[in-house]
Asks: 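Here it is, the structure in full.
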Amino acid sequence: SSLSGLSIEEIEHLAKHQEGFLLYEKGLLSDNDFRAFLRKTLQVKAPDHLLDEAWNAMLLDIPVKRLDILLRLKNRFNTTLLSNTNGIHLTAFRNIVMTISKGLNFEDHFHSVYYSHEIGMRKPELSIFHYVLEREQFDPATTIFFDDLLPNLEGGEKAGLYTYHVINANELFEKLDQYK
């Protein structure tokens, strides 16, 4: 918003209605192509590092306690991450996690990870759920899918998964922390 002079609401509208955002999340645009798309869409002439910084401003902090809980859960359950993300965010996210988690990679906190931009599909598309279920040999009837977005949960339900709507991540992690 501050980089382009557009309001946050205008940026959110663009993110929901400009195909470039979806294409990037599905890995159909490279990081450089996405930056070019941002420059054109937002009508800015910012260098790459400023575009990346602005794009990453939406990333939230990651409490270390949550990462610790994920590691404990990994010892008791088969944990898989399915994330709609993109290359610029993933690079930033990995750096944040590496800094706060005693040198562990983010991926070390799960048995397997699937990023939308690496597999060319995104939630809530049914194909991404089928892809992960097949690759992991998961039985949908014994698999629970957590997400904070209702459309993603609806996609998971269509794939036969149990779903849990994450409304408050702190509450969820408090509940999950009971599985020690």
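Numbers here are sequence positions counted from 1. Because the structure is predicted, anything quoted here is derived from the model rather than measured.
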Asks: Answer yes or no: are there more than 12 heavy-atom neighbours, outside K158 itself, under 6.0 Å from its atom NZ?
Replies: no

Asks: Donor-acceptor pair, distance only, cut-off 3.5 Å: does the side chain of S1 make one with the backbone of L6?
Replies: yes

Asks: Going only through I, L, V, M, F, W and Y residues with side-chain contacts under 4.5 Å, is there a path from F173 to F110?
Replies: yes

Asks: Nearest 0.5 angstrom please: Q18 CD to K40 NZ, how far?
Replies: 9.5 Å

Asks: Within the distance-only criterion (no hydrogens, no angle test), does the side chain of N105 pair as donor or acceptor with the backbone N or O of D108 below 3.5 angstrom?
Replies: no

Asks: Output the distance between atom NE2 (H165) and atom CD (E154), rounded to the nearest 0.5 Å.
Replies: 10.0 Å

Asks: For a quick test of reading the model, state the closest non-hydrogen atom pair linking Y179 to L73 and the distance between them.
Replies: CB-CD2, 3.9 Å

Asks: If you compare all heavy atoms of A92 against all heavy atoms of L59, which two are closest, and at what distance to 0.1 Å?
Replies: CB-CD1, 3.8 Å

Asks: Within the distance-only criterion (no hydrogens, no angle test), does the side chain of E10 pair as donor or acceptor with the backbone N or O of S7 below 3.5 angstrom?
Replies: yes

Asks: Check step by step if side chain to side chain contact (heavy atoms under 4.5 Å, CB included) holds for D48 and N32.
Replies: CA-CA 8 Å; D48 288 356; N32 286 332; 4.0 Å; yes

Asks: Taking atom types as modelled, find out whether Y162 and E157 have a side-chain donor-acceptor pair closer than 3.5 angstrom.
Replies: no

Asks: Got a sec, which hydrophobics cluster with L22, joining ILVMFWY side chains under 4.5 Å apart, including via others?
Replies: none

Asks: Using every non-hydrogen atom in the two residues, find where K26 and M121 come nearest and quote the distance to one decimal.
Replies: CE-CA, 4.2 Å

Asks: Verify side chain to side chain contact (heavy atoms under 4.5 Å, CB included) between I11 and L42, making sure each step is shown before the conclusion.
Replies: CA-CA 9 Å; I11 298 290; L42 302 177; 3.6 Å; yes

Asks: Assign the ring pair F145 / F129 to parallel, tilted or perpendicular, where the plane angle (0 to 90°) is split at 30° and 60°.
Replies: perpendicular

Asks: Checking N86 against H89: is there a side-chain donor and acceptor pair closer than 3.5 Å?
Replies: yes

Asks: Between atom CG of L51 and atom NE2 of H49, what is the distance when rounded to the nearest 0.5 Å?
Replies: 9.5 Å

Asks: Checking I62 against F106 for the side chain to side chain contact (heavy atoms under 4.5 Å, CB included) test, could you report, in this order, the C-alpha distance in whole Å, the side-chain angles of both residues, the deciding distance, and whether it holds?
Replies: CA-CA 11 Å; I62 306 158; F106 184 59; 5.9 Å; no

Asks: Could you tell me whether F77 atom CZ has more than 12 heavy atoms of other residues or ligands within 6.0 Å of it?
Replies: yes

Asks: If you define the side chain from C-beta out and look only at heavy atoms, does anything of L153 sit under 4.5 Å from L150?
Replies: yes

Asks: Determine yes or no for a side-chain-to-main-chain donor-acceptor pair under 3.5 angstrom, with T41 supplying the side chain and L38 the backbone.
Replies: no

Asks: Would you check if the side chain of S116 reaches a backbone N or O of E25 as a donor-acceptor pair within less than 3.5 Å?
Replies: yes

Asks: In Å, rounded to the nearest 0.5 Å, how long is the span from OG1 of T142 to CG of D139?
Replies: 4.0 Å

Asks: Any idea which heavy atoms bring A159 and L126 closest together, and the distance?
Replies: N-CD1, 3.6 Å

Asks: At what distance, to the nearest 0.5 angstrom, does OG1 of T91 lie from CG of N56?
Replies: 8.5 Å

Asks: V64 and I100: which non-hydrogen atoms are nearest, and at how many Å?
Replies: CG2-O, 3.5 Å

Asks: Mark yes or no for whether K123, through its side chain, and L82, through its backbone, hold a donor-acceptor pair below 3.5 Å.
Replies: yes

Asks: Would you say the side chains of Y115 and E107 form a donor-acceptor pair under 3.5 Å?
Replies: yes

Asks: Check whether any side-chain heavy atom of Y131 sits under 4.5 Å from a side-chain heavy atom of L133, and report yes or no.
Replies: no

Asks: Taking the basic N atoms (NZ, or NE/NH1/NH2) and the acidic carboxylate oxygens, is any pair closer than 4.0 Å for R35 and D52?
Replies: yes

Asks: Just how far is it from atom CD of E174 to atom CD1 of I69, taken to the nearest 0.5 Å?
Replies: 8.5 Å

Asks: Could you give me the CA-CA distance, side-chain angles and deciding distance for H109 and L81, then say whether side chain to side chain contact (heavy atoms under 4.5 Å, CB included) is met?
Replies: CA-CA 9 Å; H109 294 81; L81 173 71; over 6 Å; no

Asks: Taking E9's backbone N and O only, do any of them form a donor-acceptor pair with H13's side chain (distance below 3.5 Å, no angle check)?
Replies: no

Asks: If the condition is side-chain contact (heavy atoms from CB on, under 4.5 Å), which residues does N75 pass it with, not counting sequence neighbours?
Replies: none

Asks: Quick one, R66 and P63 - any side-chain contact, counting heavy atoms below 4.5 Å?
Replies: yes

Asks: Just by distance, do the side chain of H111 and the backbone of T79 share a donor-acceptor pair under 3.5 Å?
Replies: yes

Asks: So L14 and F21, do their side chains get closer than 4.5 Å, heavy atoms only?
Replies: yes

Asks: Between I88 and F93, is there shared hydrophobic-cluster membership here, with clusters defined by ILVMFWY side-chain heavy atoms closer than 4.5 Å?
Replies: no

Asks: Under a 3.5 Å threshold, yes or no: a donor from one side chain and an acceptor from the other, between S4 and Q43?
Replies: no

Asks: Using modelled atom types only, decide if a donor and an acceptor are shared between the side chain of R122 and the backbone of H117 within a distance under 3.5 Å.
Replies: no

